[in-house]
Structure formats: C-alpha cells, structure tokens
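Bear in mind the structure is a predicted one, so any value in this text is a computation, not a measurement. Reminder, nothing fancy here: chain letters follow the sequence lines and each chain counts from 1. Below, all heavy atoms of this structure are taken into account, side chains as well, without hydrogens, waters or symmetry copies.
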Amino acid sequence: MTPEELSAIVKSVLAEAAAAGDVALDTIPDEVRVERPKSRAHGDWATNIALQLAKPAGMKPRELAEVLAVRLNEQQGISAVEIAGPGFINITLDAASAGQLARAIVEAAETYGQNQTLAGSSINLEFVSANPTGPLHIGHTRWAALGDALSRLLRASGAEVTNEYYINDAGNQMNTFAESVLARLHGDEVPEGGYPGEYISELAQTVLEHHPDIKDQDRTHALPIAREIAYEEQMRRIRTTLENFGVHFDVFTSERTLHESGKLDDAVATLREQGHVEDRDGAVWLRTTDSGDDKDRVLIKADGEPTYFAADAAYYLDKRQRGFTEKIYLLGADHHGYVGRLKALAACAGDDTEHNIEILIGQLMSVKGAKLSKRAGNIIALDDLIEWLGTDALRYTLGRYPADSAIDVDPELLRSKTNDNPVFYVQYAHARACNAARNAHAQGVERTGPDDGGGFDAGLLSHEREEELLAHLAKFPTLVARAAQLREPHRVARYLEDLAAAYHAWYAKCRIAPSVTESGERQPVTDLNRSRLWLNDATVQVLRNGLDLLGVSAPERM
RNA sequence: GCCCGAGUAGCUCAGGGGAUAGAGCAGCGGCCUUCUAAUCCGCUGGUCGGGGGUUCGAAUCCCUCCUCGGGCACCA
C-alpha cells in the first residue's frame, strides 16, 4: 500500500464519519497528508488530520482522532491504529499489505512515480538561452542541469513541456562577434571589446573553409558572411555540448526572426491596443509600472531602434500565442532585475502573473580551482567541466542543491569514488542491486517461481530493514509530484540518497540468494528468496527512475 | 538607498507550521570464509545569526536588526 492509497482511505473514512454524523464537517479537505514518522515507534504512517480539523469540527483533536481511529481499524491492510501526542493518528500496515508494493513497482516499471498532478498544463520552459557568440560556460551549466531535470519532473507529473532556448542573435553583439572572427582571419588582434579565445580562430577557420576568398573581400562585404557562418558553427557547437550534457531542447527561437517576421512591430501594436504603450521623449515606452515594475521600460529607442526588451515582449506574446498555459523562465541571480519587467510584461499582455508566468531565480555556482579555458577565452567552459568531472557527477551534484542556494563545487569530491560522493553512492546502490539480481538468477532464483503466484509472498517481507526499504519505495510518487509542484528537482536527489541508504542497510542484513552451508551445500530456493528478489528489483527500478529524472545514468556494473 | 537570496553540528548542506532538528564528511570505536567493504553498525557533536510577535505547537509564518552574496541600463 502506498501513502496515496492510505491517504484515500483516510479521506473516505472521514467522509463516512461525517455522513454518519460522528463528525460535524461540511467539507472534507482535498489533501490528507500521510507521512512517514521520524520514529518507528510511531507506526508506519501518520496523519495530523485530526489536529487540522479539530477546530472546524468543534471537537478536541484527540476525540476526533478517536472517531477516525475506530473506523480506520476496520479497513483492510491496516493492522494497528494508535492515537498519540496531541492527536496524531499513527497507522501500522499488515506486512503483506506493505510488501505487495514490491510487486506493484516491478510491474509498473518506468511508470512508477509518474503521476497526473500537473495533467492539463502546457508548459514552456526556457533555460540556458546563452548568446551564440561563444561556448557554453560555467554560468550556463547549472541551468542546463536544473532546467532539464525540472522538465523531466514536470513531464513525469503529467504536464506537457516544451524545452526552449532563446538565441540572442540580433543586435550589435553579432557584428562585434563577426569583427573578432574577421580580425583572427587576418591574423590581427581582436578589437577592443571583442571576443577573445581561441575558439574565434577556429570559427575563422570554418569561415575560410566555406569562403576561401573571404580575405580578399572588403570588410563591409565580408562581415555578414563571416557573421553568418561563424554564428551557425557556434550554435552547432553549443548544441553538441548540450547533447553531451544530456540536455535536449525542443525549440530554438531566434531573436532575429522575431524582428524579421514583423512580430516585434505586432507586439508593440498589440500592447498599444491594450493601452499600456506611451510615446515619451521621442521613444516608445511600455508602462510596466502599471503592473508593479519599478520603472517603465523603453520598447523603441529615440533613434528608432527597438530595445532588447521589445524582443522580449514579442517573444512573450509569441509564446502566449502558441498556447502555453505556463511560461517558466530559469534565470541566474545576475538576471534578477528582469523579474519585475517580465512579470509586468505578462500582465500588460493580459496574463495572470500568478499562474501564467513563473520566473525561477537561481544563485550562481563556482568550481574550486577550475581553470579558465584558453580555448574558450576568459571563461570556464562547460565542455572542459564535462571532460574534467563527467556528465553524471556534474548533473547529479548540480541537481542535489536547491536553486536558491549558492554552491561551490569541490572537484576532488566529484572525482572521488567513495561515500563522500553522493552520485557514486546512489549509482553504486543501483549497480550492487543489479549484481545481486544477476547472482540470484545464477542460483536459480526467479521472480516467476514454480507456483501460480510466482513465488511471491508479500507477507514474508517483514524484516525490519524490509519494512524500512518498502516505506522509502512507497514515498516515491508523492515525492515526484511534490518536487514537480515546487519546481525543486533537488528533492529527487536527496530522496535517492535516502533510498540508497535503505537499500544498503537491507542488503547487509537480508540475503536474496540462498546461502551456502559450511559443507558447501547450497540451500534450496524458497519463496523468501523469490520475494526478496522482487523487492530488490523494485529498488533497482525506483533508483533508475529517480536517476533518470535527474538525467544521470544508472550503471548496471561498476 | 531600493529589490532578491542566504545565515542550521568543526566542514558541506537538507528540512520551510507538528512528535526527541537530520544526512554526508571530519573525529572516536566496531563488522569481511557466503550475493560488490565504493557497503554496513555504534558513539561524539546544536543558543537553527540576534531580538520581538502570531498559536495548542515556530528552524519553519510576521516585524525588526546584524552579517554575507547578487541585482538595480533608451546594453546585448
């Protein structure tokens, strides 16, 4: 039995009690939280529902708890109900009822943990969105890992998600970029304010391959050619880096196409119709202060050129038009100044800033002793980090901290293959469990046993460590739903560490395969062996499902 | 100055109205003739930054102060 199922039982019992007039309640709460108590003395699961409903029901918490406890005691699968403290209801399950979960998980396979709490929402998740003028670097790394993990979480909870990358390919920076490439092409130093780094020389080489005569052309002619080829090549490299990092984007939107397609002008017109645009001092302004921004923002400068914000506006309206109910932005703390204007923009566009737009601000990360990349310039390149630390270690580490805590990654730790390194701890648990299963098979233990029941007897999974492991496995779907709802992938990582610990502890005490006697004789395969194999494989499944949510591999051997 | 975020064990950090505040590392001490010891078991370790408030109950919510990090463009 999972906590969700138990929660449903508590709810129905509550409804029955209300219907029978034992409890004076008009409404039954949607959510009855059932939690694993910290202390095992408090049963398998506990709920504080009696404390929460005591006031509306006009009863003392313990009295209400008593009413519910009597009814709960009659429910199937529940072996004991106790009232404790101010009015907690502590519930103990039948061993068989708890153990049944092992089989349910194996049968649900990769769908175990998936839930429908976000069904019906269509989410646009924008993250990374690095400039196409250079390689991805440490500043993008955390958002790539976190954004992709969040995307997986949201999908697992039933949402439709589009991972989107916004390419800032308009504006002056592209010409600066091209000038840097041209300078390298001619063997000159990059101009003041240009882009350093050897990658510019490599891009120049690519330009030369496509246009061997480029050096002979005059600069005004050569500039757009160099710009386009270098841009294309740089984006190709960025995509490759992202793929190496296991991050996939569904849509790349180019800022330039917003200009060229006229969407920018349309956006200004639309916002003007909505009554939020105003001409002042020769410029065109969006009155974002109407919606809580601390100052109005210019859309079209006095010289007639649109601002970056105008493109943002057009882009937002474009996303809106594409039908996304929620637009999520993942931004670094260095962009926190954008929150006010983006929210105000959403409001000006007619959206509800509580539900239709969400801006997640994350603190910055650093890596102790990371070397600036000569190749990539004055930055720490993501490619180098991947090569140095590995995708799994990086993604797991970045995935295990809340976005709003600043982190300083210790490379020695990420490279270490010990208990200190959480990613190895979790992956090792998975590999170990896979090995245990292989060993069990080799000794004739199969999940499909000789009997009709497949040799699975849930009631045999009654060892203390088994109860503990089953309880952890049971928490997974609730955890996924909650992590998705809170947009906090790190909860998955923390959960996996707990689960791995529960597995290791179980493994140390409970043999799966039959043991060998002192005289070297192998004991016969029993239903206990088979049942434990189910539990082992259920753990493999949940570890794998959880690691997959983080975009981290689950090796079968280590 | 204004706006975000953080402050929890020696260190790195979880926990964000519920029961005795947790984990890993570090320190001390135990388990390998049987499925992976990259594991497990025990002990030690706390003014949850300070002060007020809200309530049956506060690390958690509110106010205030202190310290640290980040941000405050007709840049892209």
Side-chain angles (χ1 to χ4, degrees), chain A residues 33 35 37-39 41-42 46 48 51-52 54-55 60-61 84-88 90 131 133 168-174 176 255 280-285 294-295 297-303 305-311 332-340 361-364 400-410 413 416-422 424-425 427-429 431-443 445 465 486 490-491 493-494 497-498 500-501 503-518 520 522-523 529 532-533 536 557-558:
Chain A
R33 283 178 77 171
E35 289 180 330
K38 283 171 195 160
S39 164
H42 295 144
N48 64 351
L51 287 159
Q52 289 181 344
K55 199 168 280 179
K60 288 181 182 168
F88 292 104
N90 296 334
N131 286 340
T133 53
N168 296 126
D169 56 0
N172 225 356
Q173 59 168 346
M174 292 305 288
T176 308
E255 178 186 0
R280 197 194 309 158
D281 306 329
V284 179
W285 298 70
D294 51 2
K295 62 185 79 166
R297 306 290 168 175
V298 172
L299 289 168
I300 311 289
K301 295 188 262 184
D303 64 7
E305 287 296 309
T307 60
Y308 182 81
F309 181 63
D334 52 339
H335 283 71
H336 129 263
Y338 285 56
V339 174
I361 296 293
Q363 297 297 312
L364 305 179
R400 82 185 281 270
Y401 297 98
D404 52 15
S405 70
I407 51 176
D408 185 18
V409 173
D410 179 356
L413 194 67
S416 78
K417 300 186 172 184
T418 66
N419 202 359
D420 319 6
N421 190 350
F424 278 98
Y425 184 77
Q427 285 184 319
Y428 177 66
R432 192 182 210 190
C434 287
N435 190 66
R438 282 191 297 270
N439 181 65
H441 292 312
Q443 297 199 40
V445 182
R465 297 285 172 88
L486 295 172
H490 76 275
R491 288 171 185 274
R494 301 290 170 160
E497 288 162 31
D498 289 345
Y503 177 78
H504 286 309
W506 173 66
Y507 180 96
K509 284 281 180 188
C510 300
R511 277 194 66 89
I512 299 159
S515 51
V516 179
T517 58
E518 282 182 25
R522 184 175 298 164
Q523 303 287 62
N529 299 123
R532 283 181 172 169
L533 181 58
N536 182 78
R557 294 172 200 274
M558 286 174 76

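- A residue-by-residue look at A/Gly282 and A/Asp498 shows that A/Asp498 has its nearest nucleotide of RNA chain B further toward the 5' end.
- Using a 4.0 Å heavy-atom distance criterion, A/Arg494 is classed as a sugar-phosphate-only contact.
- Note on A/Arg557: a base of the nucleic acid sits closer than 4.0 angstrom, heavy atoms only.
- Within 4.0 Å (heavy atoms only), A/Pro422 reaches no atom of the nucleic acid at all.
- Closest contact between the side chain of A/Asp404 and the listed nucleotides B/A73, B/G5, B/U34 involves B/G5.
- In this structure, A/Ile512 reaches the bases: a heavy-atom distance under 4.0 Å links it to at least one base atom across the strands shown.
- Neither OP1 nor OP2 of B/C56 sits under 4.0 Å from any side-chain N or O of A/Lys60.
- Distances shorter than 4.0 Å separate some side-chain N or O of A/Ser405 from OP1 or OP2 on B/A14.
- Between A/His335 and A/Asp408, it is A/Asp408 whose nearest contact on RNA chain B lies nearer the 5' terminus.
- Side chain A/Tyr338 to base B/C3: no donor-acceptor pair is found below 3.5 Å.
- Checking the phosphate oxygens (OP1, OP2) of B/G17, no side-chain nitrogen or oxygen of A/Arg33 falls inside 4.0 Å.
- Residue A/His336 places a side-chain atom within donor-acceptor reach of the base of B/C3, judged by atom type and a 3.5 Å distance cut-off alone.
- Rounded to whole Å, atom C1' of B/C4 lies 12 Å from atom CG of A/Leu364.
- Residue contacts shown for A/Asn421 are absent, as no nucleic acid heavy atom lies under 4.0 Å away.
- Put simply, A/Tyr425 has a side-chain N or O that comes within less than 4.0 Å of OP1 or OP2 on B/C40.
- To the nearest whole angstrom, the two P atoms, one in B/G16 and one in B/A59, are 14 Å apart.
- Here, B/C31 and B/G42 have their C1' atoms 11 Å apart, quoted to the whole Å.
- Taking the O4'-C1'-N9-C4 or O4'-C1'-N1-C2 dihedral as appropriate, B/C32 has a value within 90° of 0 and is therefore syn.
- Nucleic acid contact for A/His504: sugar-phosphate only, since backbone atoms but no base atoms lie under 4.0 Å from a heavy atom of the residue.
- Residue ring and base: A/Tyr507 counts as stacked with B/C35 (centre distance below 5.5 Å, interplanar angle below 30°).
- In this structure, A/Lys295 does not reach the B/C3 phosphate: none of its side-chain N or O atoms is under 4.0 Å from OP1 or OP2.
- Here the side chain of A/Pro402 is nearest to one of B/C74, B/A14, B/G71, namely B/A14.
- When heavy atoms are screened at a 4.0 angstrom cut-off, A/Met558 is found touching base atoms of the nucleic acid.
- Stacking of the aromatic ring of A/Phe88 onto the base of B/A19 is found: the ring centres lie under 5.5 Å apart and the planes are inclined by under 30°.
- Looking at heavy-atom distances under 4.0 Å, A/Asp169 makes no contact with the nucleic acid at all.
- One P atom belongs to B/C43, the other to B/G22, and the distance between them is 13 Å to the nearest Å.
- Rounded to whole Å, atom C1' of B/U54 lies 12 Å from atom NZ of A/Lys55.
- Checking B/C41, B/G18, B/G16 against every side-chain atom of A/Pro86, the shortest atom distance belongs to B/G18.
- At least one cation-pi condition fails for A/Arg465 and A/Trp506: the charged atom is not both under 6.0 angstrom from the six-membered ring centre and inside a 45 degree cone around its axis.
- If you check every strand for non-hydrogen atoms under 4.0 Å, A/Ala513 touches a base.
- At a threshold of 4.0 angstrom between heavy atoms, the contacts of A/Ala437 with the nucleic acid are absent.
- Relative to the six-membered ring of A/Tyr308, A/Arg297 misses at least one condition, a distance below 6.0 Å or an angle of at most 45° to the axis.
- At the heavy-atom level, A/Ala84 lies under 4.0 Å from base atoms of the strands shown.
- A donor-acceptor contact closer than 3.5 angstrom is absent between the side chains of A/Asn536 and A/Tyr507.
- One atom, CD of A/Gln363, and another, P of B/G7, lie 11 Å apart when rounded to the nearest Å.
- The residue A/Cys434 sits apart from the nucleic acid: no heavy atom pair falls under 4.0 Å.
- Backbone-only contact: A/Arg465 has heavy atoms under 4.0 Å from sugar-phosphate atoms and none from a base.
- Nearest heavy atoms, A/Thr307 versus A/Lys301: CG2-CG, 3.6 Å.
- At a threshold of 4.0 angstrom between heavy atoms, the contacts of A/Ala440 with the nucleic acid are absent.
- By the criterion of a centre-to-centre distance under 5.5 Å and near-parallel planes under 30°, the ring of A/His490 forms no stack with the base of B/A14.
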